[in-house]
Amino acid sequence: MSDKIIQITEMNKWFGDFQVLKNINLEVEKNKKIVVCGPSGSGKSTLIRCINRLEEHQQGSIVVDGNELTEDTKDIEKIRAEVGMVFQQFNLFPHLSILDNCTLAPIWVKKMPKKEAEDLALQHLEKVQISDQANKYPGQLSGGQQQRCAIARALCMEPKIMLFDEPTSALDPEMIKEVLDAMVNLAKAGMTMIVVTHEMGFAKEVADEVIFMDEGMIVERAETKEFFANPKSDRTKLFLSQIL
Amino acid sequence: MNKLNFLQPDKNNLNTYLYTGVILVALSIFIVFLNSFFNKDIIYFLPGSISFFLPLILGFIGLHLIRIDYSGLKFLDSINKNINTNNFNAFLSLLIVFVIIKSLPPLLSWFILDANIAGDSKDVCTGSGACWTYIKIWFNRFMYGMYPNAEQWRINLSFIALAFLGTIGFFATEKFKKYLTLYYVAVYPVIAFFFIFFFISGGPIFFDFSYGIIAAVISIIIGFFIPSKFKMYYFIIVPITLYILLKYVFFYEELIELGKLEALEWVETGAWGGLSLTFIVSFFCLIFCFPIGLFLSLGRRSDFPIIKYFSIGMIEFWRGVPLITVLFMSSVMFPMFLPEDMFIDKLVRVIIAISLFEAAYVAEVIRGGLQALPRGQYDAAKSLGMGYWKMHILVILPQALKLVIPGIANTFLALVKDTPLIFVVGLLEIVGMLNLAKTNPEWLGFAMEGYVFASVLFFIICYAMSKYSYNLEQKYKTER
């Protein structure tokens, strides 16, 4: 079936001499929600950064929506435009208002008319419930609001896949919920999502599958219930016992 | 009545302390004032060193006495808070006041009281002060250099027109605001060129240039109506074709006539000079060095080794050599490498040399701003599907340039003050003219007036620029 939107085979990646990702094989079907967890330094972030080629892999192949990511970077911008990403540090553009943050890429990358882009942006800002902040600057918003804006900004490109790189790790505890709510709504709307997170509650609620990574390898991949009910490897058991 | 303790003044005997203190401070200032303005030493009867330090000692004690916390008197409190917080600050404040009082009379006398401005020859300058007559007589030369007097209206008119066109942005309506950047980047420099090289020069220096300008203007105007898909090819092919057509086919004869502009006398650039030349050189160097520096700074961070090492080479080379040698080379060495029949005007060579030199500094300043941005900004821009140029123009440069406004202003000020060095190739802007004038046998001995005059002019220019940069900083300030 061609509904495998991401296909990673035999992928290896090094930072200098240090191998961060070892022999990664991963297939993600359309509309699936995958949570990636594991101890820090296990290569989770690097893995999803490879999916939109913010990091380059050295061996193996990554195919995103039928396009293989290789050295030949001619259409890499087109692929990235179809893969939204939300970062741990929000990375909003501080010199632009919230609305301009959201309309910048649609206008300049997708050549959307300004009016249309603003309507779309307001629609997505409404979904994450910060449309009343549209004319403020990122510096004037709380962390949770900034992260929701970052989600809206990524959605404005109407991506096929959304990648989340520890979206709640830099937030105060009381702001985590509002961001997770936005993500849950997004998941219910049927988006394909890969989420790197330590929020096991979120994983239990929305994930179809959970991937556990350690030392650059995928240690275990299982259906969510199965993963939490009876993890197979000892490493996973240890991790779960510590985090839950 | 409470007991007086002069070592620790307090609120209880406020008035006693206050009156004693104020009288002491006033007395100390009065002594210095008399000494400085009327040359009277009313404490001459004291031994030497004591009479010298007495005002300082009196004032110091006085300030100590009036240093009373929360006295309830607004004026006293504000003095105590600002200049009299402790013994050391009181001492410094007194010293500064005394230095000002001491230095006022000689300055006043040199600048105004004993200065001369009447008359039109050296003989009227008999006083011990400045001879402003010198500046008055030479004023025209200091402004316009050797430019013929009868033609100076051309410079004035050009500058007024350019100043007007330059400030047009402030008057633009909302509707035209979005074209302002284009105007300032593409149209305004071309108009400026046109004015400088056709109106001020009036001659065939930039003869070939006329075709270039006409081709560029026509192609930019038509360019607005070309679909963006073809723009890339359009802007490469059409200007060149137009240029060739204009030059060799259509208007050859007519443009030669036009280029001569026979109504205007040709003034070669060697005769330009004075403050107007300072403006011309600074203006074009500022315009050119910024984009060159911008590209060098981006090039230095490029992934392509050729571009990267070329940029590093350029930056390190131009930063590593003194400006004066660069100017000398541009005038003496550079023409040797040109074909026999090719001639580039001296002023143009100088402008190119200074632009490249300052571009290296601008490049490093901008690089500082680029490095201050977190990597996340690049990641976010890339993840939204932006390519290299979109990422830099829309996300990176607006933030980086905002950060380096003070640094760029710094470089630009240095550039303006570097322009006097063009004397090494025989171009005399204002300081060059001063040096020329001070060696005139008729007017020997007035170097001081000349340099003070030039300093004041440079200060006005530089202070205006620095104020403007500060305004820009405020304008683009957003919370991070």
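Chain letters run A, B, ... following the sequence lines, proteins first and then strands; every chain starts at 1.
Counting non-hydrogen atoms of neighbouring residues, nucleotides and ligands closer than 6.0 angstrom, the NZ atom of Lys110(A) exceeds 12 such neighbours. Within 6.0 Å of atom OH in Tyr468(B), 12 or fewer heavy atoms from other residues, nucleotides or ligands are found, so the atom counts as exposed in its surroundings. Heavy-atom neighbours of Phe288(B) CZ from other residues, nucleotides or ligands within 6.0 Å: above the threshold of 12. Under a cut-off of 6.0 angstrom, the local environment of CD in Gln129(A) is sparse, with at most 12 non-hydrogen atoms contributed by other residues, nucleotides or ligands. The number of heavy atoms from other shown groups lying within 6.0 Å of CH2 (Trp318(B)) is above 12. The number of heavy atoms from other shown groups lying within 6.0 Å of OH (Tyr470(B)) does not exceed 12. The environment of Phe283(B) atom CZ is dense: over 12 non-hydrogen atoms of other residues, nucleotides or ligands sit within 6.0 angstrom.
Note on Pro106(A), Pro159(A), Ala105(A), Gly84(A): by heavy-atom pairs under 4.5 Å with chain B, the leading option is Ala105(A). Heavy-atom pairs under 4.5 Å with chain B were tallied for Lys111(A), Met157(A), Gln88(A), Arg153(A); the largest tally goes to Arg153(A).
With a threshold of 4.5 angstrom between heavy atoms, Leu92(A) approaches chain B through N, CA, C or O but not through any side-chain atom. Of the two parts of Gln146(A), neither the backbone nor the side chain holds a non-hydrogen atom closer than 4.5 Å to a non-hydrogen atom of chain B.
Annotation: side-chain hydrogen bond (donor to acceptor under 3.5 Å, both in side chains) contacts involving residues 294-303 of chain B, sequence neighbours excluded, comprise Arg300(B)-Glu316(B), Arg300(B)-Glu364(B), Arg301(B)-Tyr378(B).
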| said: Evaluate Lys382(B) against Ile76(A) for side chain to side chain contact (heavy atoms under 4.5 Å, CB included), listing each step before the verdict. | reply: CA-CA 10 Å; Lys382(B) 280 183 197 164; Ile76(A) 186 70; over 6 Å; no
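Closest non-hydrogen pair, Ser383(B) versus Met85(A), comes out as CB-CB, 3.9 Å. Closest non-hydrogen pair, Leu394(B) versus His95(A), comes out as O-NE2, 3.0 Å. When every heavy atom of Pro94(A) is checked against every heavy atom of Gln377(B), the shortest pair comes out as CD-NE2, 3.6 Å. Across every non-hydrogen atom of Met386(B) and Val109(A), the tightest pair is CG-CG2, 3.8 Å.
How far NZ of Lys390(B) is from CD1 of Ile107(A): 12.0 Å, rounded to the nearest 0.5 Å.
Side-chain contact check for Pro398(B) versus Phe93(A): every heavy-atom pair is 4.5 Å or farther apart.
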